[in-house]
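In what follows, a structure is listed as structure tokens, so that the remarks can point back to it.
Quick note on labels: first sequence line is chain A, next is B, and so on, each numbered from 1. All values derive from a computational prediction rather than experimental measurement.
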Amino acid sequence: MIDLSTIVVSGLGTVSAVGCGRRSFEAACRDSSCHWTPVEPDGLHRVQGSRLAGLTEGLDLSPWLSPVAARRMSRPSRMAVASAKMALEDAALDGAPLDATALDDVAGDAPTAVVVSNAHGPTSLIEGILGQYYGQSPLAVSPALFTESVANAPAAQVAITCRARGSNNTIIQREAGPLIALAHGATEIVLGRAGRALVLTVDELTPLLHAVLDRFGALARREPDGSELARPFDRRRSGYMAAEGAAAVVLEPEPAARARGARVLARLRSVTSAFDPRAPRNGVCDRPGRLARVLGRFLEASGLAPGDVDAVVSVASGAFALDRLEARVLKRVWGGRPLPPVLVPKAVVGEHGGALLAGLTLAAGGAAFGPTPGFSEVDPALGVVPHDGAELAPERLLVTGLATGGAAAWAIVERGDAP
Amino acid sequence: MAGEVPPAPAALAAAYGRWRHYSWADRFAVVAAAEAARQAQLPVPEPEAWRPELGVFFGGSTGGMAEGEDFYRRRREGRHAPLRLLGSHQLNCPGDAVARLFGAGGPVRTFSSACASGALAIGAALDALRGGEIEIAVAGGSDALCQLTYSGFNSLRAVDAAPCRPFRADRAGLSLGEGAGVLVLESRARAEQRGVRALAELAGAGASCDSHHMTAPHPRGEGAAAAVERALADARLAAGAIDFVNAHGTGTPHNDAAEWHAIRQVFDERATCIPVTSTKGSVGHLLGSSGAIEAVATVQCLLAGQVHPTPGDTGPDDSIGVDLVTGGPRPLDHAAVAGGDDRLSAVSTSFGFGGANAALVFSTAARGPS
């Protein structure tokens with residue numbers, strides 16, 4: 001467990017299917033309003049029949065990214081840079097380069113770290129390169145595509161644009177990635193290696209990736225009435241709604257934020273992570289005991305009992321097995337006690353749309369969350385009813401990050417300043 | 001021309017129950033990790049074992065891309081493209097495979113910052129150990145060659161048709177390679193308690209970002225120098241305590257020149273006489289796992305008390321003043337350090353696309369009481 005109690009979130013930026021910026025994300029969560037659009041057919045046979053996703057095409061990023069800069073970037077890089085700049089604006093840090101100090105002043109330097117969580121990488125560029133390679137010839141591969149096809153391209157572009165010269169890390173750990181990245185960025189500050197951190201999550205969805213996810217049975221099944229919904233914890237859940245997008249938060253020590261007059265959106269308290277090696281490569285282990293033990297010890301080490309948690313910001317997404325594991329772990333830790341309200345931001349913007357980082361920040365900042373979209377029938381095997389839209393004023397949140405493949409992470413986040 | 005790993009012998013494949021489900025990168029990772037674990041007397045546990053005290057930190061940049069290319073090509077050709085080819089596609093799969101093999105229950109994290117990935121992963125493992133999150137870490141990197149890598153670096157004109165010649169006057173590019181390098185890390189006290197010999201000490205780690213360009217390094221090596229200086233500060237060692245540098249040394253004209261500027265900035269007057277070598281001259285550029293395999297090579301040099309040479313017999317670049325180790329292994333003469341101990345120390349550097357920089361400091365294992 002890492003004690004991060006001096007670190008706060010002072011800015012949030014988002015790019016998702018529901019729009020750009022904190023306010024659009026907040027409105028979507030408040031109104032339970034999703035925005036699913038058709039994905040271009042790819043030709044791969046779909047077992048779930050999924051055709052919708054949370055896409056960002058058509059969003060205008062020009063307020064944060066000039067066309068000249070954007071043309072050199074992949075879509076994930078554009079979303080990452082735009083969300084980072086939004087977060088910096090939100091934190092009243094836009095304008096001057098973040099790290100103007102001379103790099104050879106080691107003793108005095110407190111640079112800005114950049115940590116990006118990513119699940120699938122810049123898929124459109126990789127597909128583009130392979131298209132050139134196999135469709136034309138190996139010599140046709142574009143150097144511009146190649147340089148942006150690396151997984152850390154978004155992190156690099158954020159650092160170049162924002163002049164951030166601290167450590168630059170891209171973490172790939174699927175659904176657990178955002179919380180691991182959050183912990184990594186905060187730890188850089190706590191250890192004195194960075195004065196602040198930009199922590200992001202970004203992912204891109206292509207028609208081929210959407211089709212592959214469908215073939216793996218990961219996506220919400222198209223229903224007879226033509227709808228597709230993430231139904232987190234619902235008896236009828238059949239998979240998640242795939243999405244793309246980015247979320248960025250600015251982390252800094254609370255005294256630094258206060259000195260600037262910045263609003264504290266959320267306070268980090270502690271983060272932990274674990275792994276269950278019984279999980280298959282692309283699934284989860286359905287036995288919750290080990291992860292429940294880790295979560296229970298984490299709460300205890302944080303000085304908390306389950307009853308001290310006012311709300312859960314859940315990693316649930318409508319994925320059948322992952323939601324089940326999440327429910328079982330929470331139920332095991334809470335024993336016979338009722339769970340606090342369980343917020344499910346992925347029900348609004350989908351999986352890999354920046355939901356967890358944005359959701360935890362908004363919840364800690366006192367944002368209203370409407371009824372969980374897609375939920376209507378409790379699964380008796382799970383016994384979890386996600387948030388019904390009642391008014392919330394959580395002081396303390398548990399944020400969960402269970403991942404397919406076995407990784408898991410949890411965070412305790414505390415309330416920020418009132419809006 | 002590249003440093004490709006030959007196919008595994010049947011006996012090796014048979015030792016791993018999931019072998020046929022693994023990607024190439026997964027296979028490199030588990031084999032290297034198993035070798036490291038044997039040395040560390042860390043047995044592969046029973047299937048249901050769970051070790052919350054053990055974490056896995058891995059770096060990589062391609063994951064199961066080679067298999068993914070096969071899927072893509074088959075689809076394009078209208079042939080059956082089995083989904084199993086994508087089963088290990090994601091970059092976290094090699095690290096996860098190692099975690100499953102060893103029953104890891106602690107943090108498992110994959111870092112993908114291009115050529116700095118493996119070193120960054122090792123640095124993260126060091127943080128987790130120091131912070132008490134875990135007691136033992138399996139840390140390293142794994143990458144497999146694929147058409148995307150070959151064609152991509154060729155498109156940049158970054159690859160030399162001949163074996164790479166880091167820091168030499170006629171250097172013309174890098175040589176690609178593949179493979180994995182893994183370290184088992186734990187506190188000296190714990191190793192002694194287990195009766196395991198410490199091979200070396202991971203004394204410190206540092207990282208930075210050039211914040212300059214997606215592919216070109218900062219021309220004055222400022223970010224690279226910062227990473228090394230931060231690693232030295234983390235190790236609480238002065239630059240004068242370093243006995244050799246295992247350089248990033250890709251053999252590309254700009255990278256080697258920028259690295260020379262960084263060496264000058266860090267080592268000042270000693271820059272022209274501190275031995276420098278590049279493991280890439282021997283095994284090629286292993287991309288996301290280069291930092292890890294070069295960490296292994298650095299440890300091996302410290303153990304042997306000599307720096308491995310950088311292959312090749314062409315002349316040095318007169319504009320780059322490094323004291324390149326060539327010909328044969330060079331015995332290490334410990335640089336005098338006022339008030340310091342008599343341990344040998346080295347820096348291993350890794351600089352990636354996008355300006356991600358990492359440096360690791362290793363020292364020979366301390367003698368005497370814990």
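Salt bridge status for B:Arg100 with A:Asp276: absent, with no side-chain N to carboxylate O gap under 4.0 Å. Of the charged side-chain nitrogens involved, none lies within less than 4.0 Å of a carboxylate oxygen, so that A:Arg163 and B:Asp210 do not count as a salt-bridged pair.
Neither the backbone nor the side chain of B:Asn357 comes within less than 4.5 Å of any heavy atom of chain A. Interface remark: A:Arg293 contributes side-chain atoms only to the contact with chain B (heavy atom separation under 4.5 Å). A:Tyr133 touches chain B through its side chain: at least one heavy atom from C-beta onward sits under 4.5 Å away, while N, CA, C and O do not. When heavy atoms are compared at a cutoff of 4.5 Å, A:Val116 does not approach chain B at all. Of the two parts of B:Glu48, the backbone and the side chain both hold a non-hydrogen atom closer than 4.5 Å to a non-hydrogen atom of chain A. Heavy atoms closer than 4.5 Å to chain A are found in the backbone of B:Ala49, but not in its side chain. For B:Ser61, no part sits under 4.5 Å from any heavy atom of chain A, backbone or side chain. Only the side chain of A:Arg278 has a heavy atom closer than 4.5 Å to any heavy atom of chain B. Proximity to chain A is absent for every atom of B:Tyr150, based on heavy atoms less than 4.5 angstrom apart. In this structure, chain B has no heavy atom under 4.5 Å from any part of A:Leu145. Of the two parts of B:Phe111, the backbone and the side chain both hold a non-hydrogen atom closer than 4.5 Å to a non-hydrogen atom of chain A. Only the backbone of A:Pro280 has a heavy atom closer than 4.5 Å to any heavy atom of chain B. Using a 4.5 Å cut-off between heavy atoms, B:His213 contacts chain A through its backbone alone, with no side-chain atom that close. For B:Ala225, no part sits under 4.5 Å from any heavy atom of chain A, backbone or side chain. Heavy atoms of A:Ala274 lying under 4.5 Å from chain B belong to its backbone as well as its side chain. Heavy atoms closer than 4.5 Å to chain A are found in both the backbone and the side chain of B:Arg109. Residue A:Leu139: no heavy atom, backbone or side chain, is found under 4.5 Å from chain B. Contact annotation for B:Ser117: neither backbone nor side-chain heavy atoms come within less than 4.5 Å of a heavy atom of chain A.
Counting heavy-atom pairs closer than 4.5 Å to chain A, the top-ranked of the candidates B:Ala99, B:Ala104, B:Ala356 is B:Ala104. Contacts with chain B were tallied for A:Thr272, A:Thr147, A:Leu291, A:Leu191; A:Thr147 has the most, counting heavy-atom pairs under 4.5 Å. Of the listed residues (B:Ser113, B:Ala227, B:Gly354), the greatest number of heavy-atom pairs within a distance under 4.5 Å of chain A belongs to B:Ser113. Ranked by non-hydrogen atom pairs under 4.5 Å with chain B, the options A:Ala156, A:Pro143, A:Gly135 are led by A:Pro143. Heavy-atom pairs under 4.5 Å with chain A were tallied for B:Gly105, B:Gly103, B:Ala207, B:Gly288; the largest tally goes to B:Gly105. Note: B:Leu148 leads B:Leu101, B:Thr149, B:Thr215, B:Leu148 in heavy-atom pairs under 4.5 Å with chain A. Contact count against chain A (heavy-atom pairs under 4.5 Å) is highest for B:Ala114 among B:Ala114, B:Gly352, B:Gly355. Of the residues considered (B:Glu133, B:Arg130, B:Gln90), B:Gln90 shows the highest number of contacts with chain A, using heavy-atom pairs under 4.5 Å. Between chain B and the residues A:Gly405, A:Pro138, A:Ala407, A:Ala140, the most heavy-atom pairs under 4.5 angstrom are made by A:Gly405.
Taking every heavy atom of both residues into account, B:Arg76 and A:Gly131 meet most closely at NH1-CA, 4.1 Å. When all heavy atoms of A:Val212 and B:Leu83 are compared, the closest pair comes out as CG1-CD2, 4.4 Å. Smallest separation of non-hydrogen atoms from A:Arg281 and B:Ser88: NH1-OG, 2.9 Å. A:Ala159 and B:Ser211 get closest at one heavy-atom pair: O-OG, 2.8 Å. Of all non-hydrogen atoms in A:Asn152 and B:Ser112, the two that sit nearest each other are CB-O, 3.3 Å. Taking all atoms of both residues into account, the shortest heavy-atom contact from B:Arg230 to A:Arg165 is NH1-O, 3.3 Å.
Along residues 176-186 of chain A, the residues that come nearer than 4.5 angstrom to chain B, judged on non-hydrogen atoms, are A:Ile180, A:His184 in order of number.
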Q.
Quick one, A:Tyr134 with B:Glu77, criterion side chain to side chain contact (heavy atoms under 4.5 Å, CB included). Give me CA distance, side-chain angles, the key distance, then yes/no.
A. CA-CA 9 Å; A:Tyr134 290 112; B:Glu77 294 170 357; 5.8 Å; no
**Q.** side chain to side chain contact (heavy atoms under 4.5 Å, CB included) assessment of A:Arg215 paired with B:Leu86
**A.** CA-CA 11 Å; A:Arg215 284 288 299 276; B:Leu86 301 177; over 6 Å; no
Q: Show your working on side chain to side chain contact (heavy atoms under 4.5 Å, CB included) between B:Met65 and A:Ile126 and close with a plain yes or no.
A: CA-CA 10 Å; B:Met65 182 60 68; A:Ile126 292 171; 3.7 Å; yes
Q: Kindly determine whether B:Arg73 and A:Leu130 satisfy side chain to side chain contact (heavy atoms under 4.5 Å, CB included), including the steps that lead there.
A: CA-CA 8 Å; B:Arg73 181 176 51 82; A:Leu130 295 181; over 6 Å; no
Q: Dump the intermediate steps for salt bridge (Lys or Arg N to Asp or Glu O under 4.0 Å) on A:Asp42 and B:Arg75, then the final yes or no.
A: CA-CA 11 Å; A:Asp42 176 74; B:Arg75 278 202 69 224; 2.9 Å; yes
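For NE2 of B:His21, the number of neighbouring non-hydrogen atoms (other residues, nucleotides, ligands) closer than 6.0 Å is greater than 12. Around atom CD of B:Glu46, no more than 12 heavy atoms belonging to other residues, nucleotides or ligands sit under 6.0 Å away. In the displayed structure, B:Arg157 atom CZ is contacted under 6.0 Å by at most 12 heavy atoms of other residues, nucleotides or ligands. Annotation: B:Arg79, atom CZ; neighbour count of heavy atoms from other residues, nucleotides and ligands within 6.0 Å is above 12.
With rounding to the nearest 0.5 angstrom, the CD1 atom of A:Ile172 is 8.0 Å from the OG1 atom of B:Thr110. Atoms CZ and CG, on A:Phe146 and B:Asn154 in that order, are 9.5 Å from each other to the nearest 0.5 Å. Atom OG1 of A:Thr187 sits about 7.5 Å away from atom CG of B:Asp127, to the nearest 0.5 Å.
No side-chain donor-acceptor contact under 3.5 Å links B:Ser208 to the backbone of A:Ser167. For B:Trp50 (side chain) and A:Phe275 (main-chain N/O), a donor-acceptor pair under 3.5 Å exists by modelled atom type.
Considering A:Val114, A:Ile160, A:Asn168, A:Asn169 in turn, A:Asn168 is the only one that fulfils the side-chain contact (heavy atoms from CB on, under 4.5 Å) rule with B:Cys209.
In this structure, B:Asp96 and A:Gln173 have side chains that are in contact, with non-hydrogen atoms separated by less than 4.5 Å.
For A:Ser149, there are no side-chain hydrogen bond (donor to acceptor under 3.5 Å, both in side chains) partners, not counting sequence neighbours.
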